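Heads up: the structure comes next, in C-alpha cells.
Read the numbers this way: they start at 1 and go in the same order the structure lists the ligands and their atoms. Here the structure is a predicted model, which means the values were calculated and not measured. Atom set for the values below is all heavy atoms of this structure, side chains included, hydrogens, waters and symmetry mates excluded.
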Amino acid sequence: MENTGTIRLGNENFEFPIIVGTEGEKALDTRTLRAKSGCITFDEGYGNTGSCMSDITFIDGENGILRHRGYPIEQLAENSSFLETAMLVIYGELPSEENLRAFRQQVRKNSSIHTGMHSHFDGFPSGAHPMAILSSMLNSLGAYYPEMSSNDREQDLAHFDETAALLISKVRTIAAMTYRMKMGLPFVYPADKRYTGNFLHMMFSEPYNEYVDDHGAGKALDLFLMLHADHEQNCSTSTVRMVASGGANLFASVSAGVCALWGPSHGGANMAVIKMLEEIHAAGDDGSRFIEAAKKGEAKLMGFGHRVYKNYDPRAKILGKSAESILESIGMEDPLLDIARRLEQAALEDDYFISRKLYPNVDFYSGLILKAIGIPVEMFTVMFAIGRMPGWIANWKEIAENPKSRIHRPRQIYTGSTKRDYLALDQR
Ligand code: ACO
C-alpha cells in the first residue's frame, strides 16, 4: 500500500505521510498542510478528524465491534468486573490476582470523603442537577489533595496510581451523597463492601435499616458500569484530553468531562430515553406516533443513532438482555421495556432508520436497568460518569505521559465582519 497521499490545491500537489493503526485504520497526516500550503482542513464536528493516537480502545462502528486493549467487550462483560476492566483500561493489561486485590483495597480505603467537603453539599439548592454537583465536587476534591493536583505533570504523574484509585472510589461516594442530600436524607458512610454493593448501601441503607441486595442489583450495576468504562474519542473523553493537553491536573480534567457528558446528545440521553418511553406510555401510543415524528425531524428517537456505530452498538445488545434478567429477578413488569422492544423493532424495520444506519446505542436499555434498581432518572447521567471514570483517567494518562503531546488548539474559518473602525457612542 502507498505510504503517502497527495492533496492537490490549484496546480500544486502536496504530499503527506499515511499513518496506519494496528487494526489497519488509515489517516492522512496533514499536520504540515497549513505550513506548506496556507490551507487548513475544515471538519466541523470532527467526524473525519483523528485527534490523537491511542492504545486504549478500538471501535469498528461498521461492524459493531468494541475492544478495550484488544479484549472484546462481550468477553469482558461475560468474565470481568468493573474494577478489573478499569485496571485494564487504565494500565493496559488484565491485572494479576494480587494487583487486583491491592487496587480493590486502595479503592476501599478511599471511599469516604474529607468531612470538610460535607459542608459543600449544604451550599447547593435541593433542586440542583446532580451533574452540576458532581462536576463541582470533583474539581473541589482536588483542592484537598494539592500534591496530586499541582498542574506539574511530573508531580501529578508521580501520584497517578493513588489519584486514579481515589477518583474511582470517591466519584461513587459523591454520587450517593448527592442523592441523599437532594432527598433530604442523612449521609450513609461507606462500609466494608464490594464496589457496587457499597454504592447501593450508601444510596439506600438507612440508619435503622440496612439495604439488602437480594435481586442481583449489584451485579447488574457492575455490568452497567463496565460497559461504560471507555469509548475512545467521544465528546467527554475528548474534553478531558483537551483540558489535560493544557497541563491541567486529573481532578480538573475529569470534572470538565462530567460537564461534557451532561448534554442530551451524549450521556444525558439515558435520562431522555426514559422520559420518551414514559411519554409514549402516558399517551397510550405503541411508539408509532413517535417514530413518525422522528422521521419528520420533529423529534429524535433517543437512544438511537451514533456518530461511530453504523450497526448495533454491542453494549446495547448486552444491556438489552441484562434489562430483561434484572426485571425478571425482581419480579417486576415494566411496561417501558415492552415499549422499548416494540420501538426498536419498528425502527429497525423502517426505511428512514435503515437508510441512515440508526441502531440502538448504549443508552437505549441502560435506563431501564437503573430504573429497576431504584435509581432515580435524574441520577442516570451521574451513573454514566461513574462508569466512564476509568476511560477519562486512562486518556488523561496518555496525554500526561507523552513528552511530545501539544496543547489542543484547533483553528477556525473566520466568518465575521472584516476590519472596521470604532465608532464613538453618540455616532452609533
Ligand atoms: N432519531 C431520528 N433521526 C436521527 C437520530 C435519531 N435518534 N439520530 C440521527 N438521526 C438522523 C439525523 O436527523 C440525520 O438525518 P438527515 O440525514 O436526514 O439530516 C441523520 O440521521 C444523521 O444524523 P446526524 O445528526 O448527522 O448524526 P450525528 O453523528 O451528528 O449524531 C447522535 C449522533 C448525536 C448520537 C444522534 O444520532 C442523536 O442525537 N441521537 C439521539 C441521542 C442519543 O441517543 N445520544 C447518545 C449517543 S451515545 C452516547 O453518547 C453515549
Side-chain angles (χ1 to χ4, degrees), residues 43-49 51 57 59 61-62 64 66 68 73 131 223-240 257-280 287-320 336 339-340 342-370 377 380-392 395:
D43 182 23
E44 198 173 34
Y46 310 131
N48 201 38
T49 294
S51 63
T57 289
I59 302 175
E62 266 65 39
L66 168 62
H68 297 314
I73 194 67
M131 287 294 273
L223 179 67
F224 165 92
L225 295 177
M226 185 207 299
L227 292 176
H228 285 78
D230 188 46
H231 212 233
E232 54 119 298
Q233 302 314 313
N234 55 83
C235 173
S236 56
T237 302
S238 296
T239 301
V240 169
V258 170
C259 294
L261 185 70
W262 192 352
S265 295
H266 190 15
N270 59 11
M271 284 172 66
V273 170
I274 293 292
K275 284 193 184 140
M276 173 185 79
L277 295 175
E278 277 169 349
E279 265 173 50
I280 294 173
S288 47
R289 267 186 274 161
F290 204 92
I291 289 199
E292 286 314 309
K295 285 162 66 175
K296 284 188 210 142
E298 292 165 6
K300 275 218 164 137
L301 187 54
M302 300 313 288
F304 256 72
H306 198 277
R307 173 61 61 81
V308 178
Y309 291 118
K310 300 302 165 201
N311 201 324
Y312 217 109
D313 179 337
R315 303 166 299 173
K317 268 190 197 157
I318 302 168
L319 285 173
L336 301 192
I339 294 175
R342 279 205 303 275
L343 211 54
E344 176 188 344
Q345 199 52 37
L348 292 179
E349 286 166 5
D350 192 295
D351 212 41
Y352 174 93
F353 293 89
I354 295 169
S355 62
R356 287 169 181 76
K357 299 189 173 162
L358 300 169
Y359 293 86
N361 61 47
V362 68
D363 293 315
F364 195 65
Y365 286 108
S366 64
L368 291 167
I369 298 174
L370 298 177
V377 176
F380 283 8
T381 316
V382 166
M383 302 309 297
F384 191 150
I386 300 176
R388 185 52 54 85
M389 191 55 77
W392 290 338
N395 277 274

Does the side chain of Tyr352 reach to within under 4.5 Å of the side chain of Leu301, using non-hydrogen atoms?
-> no

Asp363: numbered ligand 1 atoms lying under 4.0 Å from its heavy atoms | 46 (C), 48 (S), 49 (C), 51 (C)

shortest atom 35 (C) of ligand 1-to-protein heavy-atom contact is with Gly305 O, 3.6 Å

Determine whether Asp363 and Met302 make a side-chain contact, defined as any pair of heavy atoms from C-beta on separated by less than 4.5 Å.
-> no

Could you find the nearest protein heavy atom to atom 7 (N) of ligand 1 and give me its residue, atom name and distance?
-> Leu301 O, 2.7 Å

Using a strict cut-off of less than 4.0 Å between a Lys/Arg side-chain nitrogen and an Asp/Glu carboxylate oxygen, indicate whether Glu278 and Lys275 qualify as a salt bridge.
-> no

Which residue and heavy atom of the protein sit nearest atom 48 (S) of ligand 1, plus the separation | His306 CD2, 3.6 Å

Is any N or O atom of Ala269, backbone or side chain, closer than 3.5 Å to an N or O atom of ligand 1?
-> no

Check: Asp43/Thr49 side-chain N/O donor and acceptor closer than 3.5 Å | yes

Would you say atom 26 (O) of ligand 1 has a protein heavy atom nearer than 4.0 Å?
-> no

Nearest heavy atom to atom 3 (N) of ligand 1, choosing from Phe304, Phe384, Tyr352, Phe364, belongs to Tyr352

Does a side-chain heavy-atom distance below 4.5 Å link Leu336 with Ile339?
-> yes

Over 12 foreign heavy atoms within 6.0 Å of CD, Glu44 | no

Where Ala347 and Phe353 come nearest, the two heavy atoms and their spacing | O-CB, 3.2 Å

Distance from atom 42 (C) of ligand 1 to nearest protein heavy atom, with residue and atom = Met302 CE, 3.4 Å

For Gly303, atoms of ligand 1 separated by under 4.0 Å from a heavy atom = 43 (C), 44 (O)

Does some non-hydrogen atom of the protein lie less than 4.0 angstrom from atom 15 (O) of ligand 1?
-> yes

When you measure from atom 9 (C) of ligand 1 to every protein heavy atom, which one gives the shortest distance, and what is it?
-> Leu358 CD2, 3.5 Å

Output yes when a protein non-hydrogen atom is found under 4.0 Å of atom 31 (O) of ligand 1, and no otherwise.
-> no

Using the six-membered ring wherever Trp is involved, compare the ring planes of His266 and Phe384 and label them parallel, tilted or perpendicular (cut-offs 30° and 60°).
-> perpendicular

Under 3.5 Å: donor-acceptor pair, side chain of Asn361, backbone of Tyr359 = no

With heavy atoms of Arg307 as the reference, note each atom of ligand 1 found under 4.0 Å away.
-> 28 (P), 29 (O), 30 (O), 33 (C)

Residue, atom name and distance, where the atom is the protein heavy atom closest to atom 39 (O) of ligand 1 = Lys300 CD, 3.2 Å

Return the residue, atom name and 0.1 Å-rounded distance of the protein heavy atom closest to atom 45 (N) of ligand 1.
-> Ser265 O, 3.1 Å

Using heavy-atom distances, let me know which of Arg315, Arg356, Lys357 sits nearest atom 21 (O) of ligand 1.
-> Arg356

Using a strict 4.0 Å cut-off to heavy atoms of Val362, name the atoms of ligand 1 that fall inside it.
-> 51 (C)

Name the one of Leu261, Asp230, Thr239 that satisfies side chain to side chain contact (heavy atoms under 4.5 Å, CB included) with Trp392?
-> Leu261

Closest non-hydrogen contact found for Leu358 with Leu348 is O-CD2, 4.3 Å

How about Thr237 and Asn395: does a side-chain donor come under 3.5 Å of a side-chain acceptor?
-> no

Could you check atom 50 (O) of ligand 1 against the protein and tell me its nearest heavy-atom contact, residue, atom and distance included?
-> His266 ND1, 2.8 Å

Determine whether the side chain, the backbone, both or neither of Val273 has a heavy atom under 4.0 Å from any heavy atom of ligand 1.
-> neither

